[in-house]
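Chain identifiers are assigned alphabetically (A, B, ...) following the order of the sequence lines, protein sequences preceding nucleic acid strands; residue numbering begins at 1 within each chain.
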Amino acid sequence: MLALEAKAHELAGGPFNLGSPKQLGEILFNKLELPVLKKTPKGAPSTAEEVLAELALDYPLPAVLMEYRSLSKLKSTYTDKLPGMIDPKTGRVHTSYHQAVTATGRLSSSDPNLQNIPIRTEEGRRIRQAFIAAPGCKIVAADYSQIELRIMAHLSQDPGLLAAFAEGLDVHSATAAEVFAVDIEQVSVDQRRKAKAINFGLIYGMSAFGLAKQLGIGRHEAQQYIDVYFARYPGVADYMARTRALAHEKGYVETLKGRRLYLPEINARNRQRQQAAERTAINAPMQGTAADLIKLAMLAVDAWIHSSGVDARLMMQVHDELVFEVADDAVAGLSEKVAALMSDIGWLDVPLVVEVGTGDNWDEAH
DNA sequence: AGGTTAAGCGCG
DNA sequence: AAAGCGCGCTTAACCT
């Protein structure tokens, strides 16, 4: 990190505090005269990762800043902090879970937040590797595969999507095959990447503009993808329209188990606020149903652990994942039983697939 | 000294 | 003009 800081100072033509938005903006946009690609809500030139990535194509400093940022995030939030949060009585870090915080019914986690431990980068995974099991035990992680898309299939009752899951297909590949009109075996890496962005975008209520930005393509092309998607999966198109209409009519949306989210701005005069409420209306039933489902799974798993007397403890919940500490000789039995209990929270018209992994640490268990 | 806001970024 | 949902944490900058 020191070397990166020195490199940044050299490229900037003088020392500055890399963590200071004010100083950084001064150097990037005044001194070096890099183009302002995006502004913050308050009007200052944005130095967000997405902007730096774009600028890095033409200038040397942004790439250095990006690497420095990612490393300092890991150091300040996890590497420096977590060891100091070990409880001297237990020798472990203990999070607090909050059951009545989120709008959708998810849990949240704080002090420390153990629901955002790094996993996406190699350096980040080294932090996850520090979460280890007691001697004689293993970590077992069980996560639902594509839970929100499965819920979308159930709620929309779209025949194509239901069939894709019933047949056990890779859903992003199946989507790509439909949208790009190719055999599923012929789907390219790039087509699958695009289909994945479409699928996630649908869950979030994303527009053609957002999809275009995400994929780095034109707005018209993005709109074509969406049009073709809805033509191939008309049940999904209907479901989205019905959900919006119901939200406007009732002023709330519900999960499959009846958890409500009220949307006070769904009929706001301000079009922007109204559209934001519509995106929430699309997302909340899917995110919230997933939350309902894993909570029921947690109850079932807890009941079994206590009634069976198995040497295992449920340690963490990360939205679609349960993490256990399990005695070595109980790992096989617990893995099988947990997968069954989680899969059998079955009120969906699609199979629930659970992926279970084991290891000496949390990273290995994935 | 201590609290709040803005920007940014870690995760699902 | 905005344009992708849900969280919590850190630092800098600003405020009382």
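Atom-to-atom distance recorded for A/L149:CG and A/L161:CG is 7.0 Å, nearest 0.5 angstrom.
Contact annotation for A/I282: no contact, since no heavy-atom pair falls under 4.0 Å across all strands. Within the nucleic acid shown, A/R279 comes within 4.0 Å of sugar-phosphate atoms alone, with no base atom in reach, counting heavy atoms only. Contacts of A/E49 with the nucleic acid, taken as non-hydrogen atoms under 4.0 Å apart, involve only primed sugar atoms and P, OP1 or OP2. If you check every strand for non-hydrogen atoms under 4.0 Å, A/I203 touches nothing. Using a 4.0 Å heavy-atom cutoff across all strands shown, A/R69 reaches sugar-phosphate atoms only and no base atom. No engagement by A/G201 is indicated, since no non-hydrogen atom pair under 4.0 Å with the nucleic acid exists. Using a 4.0 Å heavy-atom distance criterion, A/S72 is classed as making no nucleic acid contact.
Grouped by direct or indirect side-chain proximity (heavy atoms under 4.5 Å, Ile/Leu/Val/Met/Phe/Trp/Tyr only), A/I184 sits with A/L169. In the hydrophobic clustering (ILVMFWY side chains linked at under 4.5 Å, chained through shared members), A/I27 is joined by A/M1, A/L4, A/L11, A/F16, A/L18, A/L24, A/L28, A/F29, A/L32, A/L34, A/V36, A/L37, A/V51, A/L52, A/L55, A/Y59, A/L61, A/V64, A/L65, A/M66, A/Y68, A/L71. When hydrophobic residues (I, L, V, M, F, W, Y) are linked wherever their side-chain heavy atoms come within less than 4.5 Å, the members clustered with A/V187 are A/V182. Through direct or relayed side-chain contacts under 4.5 Å between Ile, Leu, Val, Met, Phe, Trp and Tyr, A/F209 connects to no other residue.
The backbone N or O of A/S110 sits less than 3.5 Å from a side-chain atom of A/T95, completing a donor-acceptor pair. Remark: side-chain polar atoms of A/Q115 are paired, donor with acceptor, to backbone N or O of A/Q317 under 3.5 angstrom. Counting only distance, with no hydrogens or angles, the side chain of A/R192 and the backbone of A/A176 share no donor-acceptor pair below 3.5 Å. Remark: the backbone N or O of A/I217 is not paired with any side-chain donor or acceptor of A/R219 at under 3.5 angstrom.
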Subject >> Watson-Crick and G-U pairing of DNA chain C, under 3.5 Å, as dot-bracket with | and [ ] >> reply: ....||||||||||||
Less than 3.5 Å apart, which donor and acceptor atoms pair up between the side chains of residues 342-357 of chain A and the rest of the protein, not counting sequence neighbours?
from   : atom 1 : to     : atom 2 : distance (Å)
A/S343 : OG     : A/A339 : O      : 2.7
A/S343 : OG     : A/L352 : O      : 3.2
A/D349 : OD2    : A/Q157 : NE2    : 2.8

Side-chain donor-acceptor distances from residues 225-242 of chain A under 3.5 Å, at least two apart:
from   : atom 1 : to     : atom 2 : distance (Å)
A/Y225 : OH     : A/K194 : NZ     : 3.4
A/Y225 : OH     : A/E221 : OE2    : 2.8
A/D227 : OD1    : A/Q223 : NE2    : 3.0

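If you measure from atom NZ of A/K38 to atom P of C/dA2, you get 11 Å, rounded to the nearest angstrom. Rounding to whole angstrom units, NZ of residue A/K42 and P of C/dA1 are separated by 19 Å. Protein atom CG of A/L261 is 8 Å distant from nucleotide atom P of C/dG6, rounded to whole Å. The nearest whole Å value for the distance from the NZ atom in A/K213 to the P atom in C/dA2 is 11 Å.
For DNA chain B, the span of nucleotides reached by chain A at under 4.0 Å from its heavy atoms goes, 5' to 3', from B/dA6 to B/dG12.
Residues satisfying the ring-ring contact (aromatic ring centres under 6.0 Å, His included) test with A/Y204, not counting sequence neighbours, are none.
Atom P of C/dA2 sits at a distance of 16 Å from the matching atom of B/dA6, rounded to the whole Å. Here, B/dC9 and C/dA1 have their P atoms 25 Å apart, quoted to the whole Å.
No hydrogens or angles considered: a donor-acceptor pair under 3.5 Å links the side chains of A/R271 and A/Q274.
Within the structure, side-chain hydrogen bond (donor to acceptor under 3.5 Å, both in side chains) pairs that include any residue of residues 300-309 of chain A comprise A/D302-A/H306 (at least two apart or interchain).
Near DNA chain C, meaning a heavy atom under 4.0 Å from it, residues 349-366 of chain A has no residue at all.
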Original post:
Which nucleotides of nucleotides 8-16 of chain C have their base under 4.0 Å from a protein heavy atom (B), which only their sugar-phosphate (S), and which neither (-), written as one string 5' to 3'?
Top reply: BSSSSS---
